[in-house]
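I have placed the structure first, in the form of structure tokens, so that the comments after it can refer back to it.
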Amino acid sequence: MKIKGKVHKYGRDVNTDEIIPAKYLDTTDEKELASYCMTGIDGSFIKKVKTGDIIVAGKNFGCGSSREHAPISIKAAGIKCVIAESFARIFYRNAINIGLSIVESGDAPKKIKDGDTLNIDLNRGTIEDMTSRKKFSIKPFPPFIRDIISAGGLMKQVKRTLKK
Amino acid sequence: MTITEKILAKHCGRKSVEPGELIQCRVDIALANDITAPLAIKEFEKVGAKKVFDRNKIALVPDHFTPNRDARAANQCKILRDFAKKHKITHYYEVGEVGVEHVLLPEKGVVLPGNLIIGADSHTCTYGALGAFSTGVGSTDLAAAMVTGKCWFKVPETIKFVYKGKLNKWVSGKDLILYTIGVIGVDGALYNSMEFTGPVIRKLGMSERMTMCNMAIEAGAKNGIIETDKITLDYVKNRAERSFQPVYGDKKAKYSKVIELDCSKIEPQVAFPHLPENSRPISKVGKITIDQVVIGSCTNGRYEDLAIAAKILKNKKANSSLRLIVIPATQEVYMKAVKNGLLEIFLKSGAALCPPTCGPCLGGHMGVLGDGEVALATTNRNFTGRMGSLKSKVYLCSPAIAAASAIKGRIVSPEEI
């Protein structure tokens, strides 16, 4: 899978209350959730984000609550991939389960700048920063997680077992 | 193996597991609330599932925006109610019976030693205090578990925290966990299990043990856990709704790290905005005036928490410069507080009492903050905007500091009262 887009850069410990404040959790509508995306940390995000864009952040991205509304709002806002130094574990699971691409890299987030354009090749495991011309390699997911992703998310996998 | 490894091994039908392994486990209880269940139910129905794996092993607890704060919240709750009715879910709790989930389920004997529990709520880690493996997941994980009764896990490494020495006056489980998060940071236990041990923990009551395990997630942990002992067994004795088997760790269990903490050096703690890791000893807090004090939540809304606050507030008035909000976490806590005169103390002190709810903790309702306002709360998170306005601030502390500070109008030690 290849992703090309512009970077929206954030710091460390971006939490789920910042990604989507709890007052908006009274709906499961993806489009509505997208309209509040990142409002707890960056009121202008939703105006500037374009389909295909990429979020880059420091360590512990998505810490805090288990609300799946957080990765859903990011995905529905048009973000194709989140690259962070590390992810909070529930956010990590949720992103995989709903099919939002995430990349853990200790190195890349430190060197990629806000507004840069990235070329990500998830199959080959590479990130190329088109703006700075820097290249980074990505560690692939274990096969177990790749199976969930290739099935199209956890529930698609569950659906297969239901049919058996 | 550690307690966590042993519980995981038992639930995937194996003799042993090792950190890093990916395994599929059966779950004893899967829970969700009025925020996370609607998404899970949507996913459940989307795949065409006709029935739940076991109607006795699912808990639906509408506690976040209840009693319904508005029509939208009411519609969310209706989704839970209708689903519970359709699938004859035994652990569904209507307003009037419902309470804050992580106080309610241990009280009702639904979560037990040796169990494997998942919950679509990050503070599901609370039940580690009962010697269970218990962790937060998302709504999709929960939906899958409602169909299959199973969930996938990566076996975590375990960090052992050993609490030694004598506890100082006014130092509670809340202070120990805030101090610990201050030492290791909000991602200090990321992907790890936190096992709380040592002579201090062995003497701690269930309420404070639950407070500590509740906040394991605030250090990024997968779960917090305390080995079952007599205190645990006494607690579950007359509550357990089904039989259970406690699981104990091996003496030779391997830990990724062992951290020893000398409690005699730990003062009551206050976590400054906007991360739980910003904890400071009360002597180094300085002058911080507050607009609101909240005593309650899944962290500190139990009877024991209210009892400490009432002891300090007895025959005293909350400062007229602030609002004091007290939220008993469940109906049982409420009833005991009524019987023992706690509510009269709170009412006389000028506190507003709310029905059991998560309410203001996540900026839901019943005490949301406005621009520039400062709250001191016994809750678990002080992220930017957590309790309302993005321009508000939240400080975290124990019920004792909260009560004392409510009297003074600024953050103080109970020693000053």
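We name chains A, B, ... by the order of the sequence lines, and we start the count at 1 in each one.
Proximity to chain B (any heavy atom under 4.5 Å) is restricted, for A:Thr39, to the backbone atoms N, CA, C and O. For A:Ile98, the part lying under 4.5 angstrom from a heavy atom of chain B is the side chain only. Heavy atoms closer than 4.5 Å to chain B are found in both the backbone and the side chain of A:Asn97. With a threshold of 4.5 angstrom between heavy atoms, B:Leu39 approaches chain A through its backbone and through its side chain. Heavy-atom distances place the side chain of B:Ile217, and not its backbone, under 4.5 Å from chain A. Using a 4.5 Å cut-off between heavy atoms, A:Pro71 makes no contact with chain B at all. Neither the backbone nor the side chain of A:Phe91 comes within contact range of chain B; no heavy atoms are under 4.5 Å apart. Using a 4.5 Å cut-off between heavy atoms, B:Ser139 contacts chain A through both its backbone and its side chain. For B:Ile79, no part sits under 4.5 Å from any heavy atom of chain A, backbone or side chain. With a threshold of 4.5 angstrom between heavy atoms, B:Asn75 does not approach chain A through any atom at all. The part of B:Gln76 that comes within reach of chain A is its side chain, from C-beta onward, which places non-hydrogen atoms under 4.5 angstrom from that chain. At a 4.5 Å heavy-atom cutoff, A:Ile41 makes no contact with chain B through either its backbone or its side chain. The contact between B:Ala49 and chain A is made by backbone and side chain atoms together, counting heavy-atom distances below 4.5 Å.
Side-chain contact between B:Trp152 and A:Ile148 is present, with heavy atoms from C-beta onward closer than 4.5 Å. Contact check for B:Arg381 versus A:Ser65: side-chain heavy atoms found under the 4.5 Å cut-off. Between B:Leu22 and A:Pro142 the shortest side-chain heavy-atom distance falls below 4.5 Å. B:Phe65 has its side chain out of reach of A:Lys23: every pair of non-hydrogen atoms, C-beta onward, lies at least 4.5 Å apart.
In this structure, B:Lys42 contributes its side chain and A:Thr28 its backbone to a donor-acceptor pair below 3.5 Å.
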Please walk me through it: do B:Glu21 and A:Phe144 pass side chain to side chain contact (heavy atoms under 4.5 Å, CB included)? CA-CA 10 Å; B:Glu21 280 188 277; A:Phe144 184 89; over 6 Å; no
Can you check side-chain hydrogen bond (donor to acceptor under 3.5 Å, both in side chains) on B:Thr140 and A:Glu68, steps first, answer last? CA-CA 8 Å; B:Thr140 299; A:Glu68 209 161 289; 2.3 Å; yes
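A salt bridge between A:Arg12 and B:Glu277 is present, with a side-chain N of the basic residue lying under 4.0 Å from a carboxylate O of the acidic one. The pair B:Arg69-A:Asp26 counts as a salt bridge, with a side-chain nitrogen and a carboxylate oxygen less than 4.0 angstrom apart.
Cation-pi check for B:Arg72 over A:Tyr24 is not met; the charged atom does not lie both under 6.0 angstrom from the ring centroid and within 45 degrees of its normal.
Between chain A and the residues B:Arg386, B:Lys222, B:Lys46, B:His365, the most heavy-atom pairs under 4.5 angstrom are made by B:Lys222. In terms of heavy-atom pairs under 4.5 Å with chain A, the best-connected choice from B:Asn380, B:Val137, B:Leu362 is B:Val137. For the options A:Ala22, A:Pro21, A:Ala70, heavy-atom pairs under 4.5 Å to chain B are most numerous at A:Ala22. Most heavy-atom pairs under 4.5 Å with chain B: of the set A:Ala88, A:Gly40, A:Gly64, this distinction falls to A:Gly64. Your options are B:Gly388, B:Gly385, B:Ala144, and the one with the most heavy-atom pairs under 4.5 Å with chain A is B:Ala144. Between chain A and the options B:Val368, B:Thr135, B:Thr124, the largest number of non-hydrogen pairs under 4.5 Å is found for B:Thr135.
Residue A:Arg89 comes nearest to B:Gly220 through the heavy atom pair CG-O, 4.2 Å, listed as atom of the first residue, atom of the second, then distance. Residues B:Gly138 and A:Ile90 share a closest heavy-atom pair of N-CG2, 4.0 Å. Nearest approach of A:Arg93 to B:Asp141, heavy atoms of both residues: NE-OD2, 2.7 Å. Contact between A:Ser66 and B:Ala120 at its shortest, heavy atoms only, is OG-C, 3.3 Å. Counting all heavy atoms, side chain and backbone alike, A:Glu104 lies closest to B:Tyr191 at OE2-OH, 2.7 Å. Scanning both residues, B:Val47 and A:Leu162, for their nearest heavy atoms gives O-CD1, 3.7 Å.
For B:Lys57, the NZ atom counts as densely surrounded, since its 6.0 Å shell holds more than 12 non-hydrogen atoms of other residues, nucleotides or ligands. For NZ of A:Lys48, the number of neighbouring non-hydrogen atoms (other residues, nucleotides, ligands) closer than 6.0 Å is greater than 12. Within a 6.0 Å sphere centred on NZ of A:Lys4, heavy atoms belonging to other residues, nucleotides or ligands number 12 at most. Heavy atoms from other residues, nucleotides or ligands lying under 6.0 Å from CD of B:Glu45 number more than 12.
Here the straight-line distance linking atom CG of B:Leu275 with atom SG of A:Cys63 works out to 7.0 Å at 0.5 Å rounding. One distance of note links CZ of A:Phe61 with CG of B:Asp187; it measures 14.5 Å at 0.5 Å rounding. Separation of atoms NE2 (A:His69) and OG1 (B:Thr36) is listed at 7.5 Å; rounding is to 0.5 Å. With rounding to the nearest 0.5 angstrom, the NE2 atom of B:His274 is 13.0 Å from the CG atom of A:Asp13.
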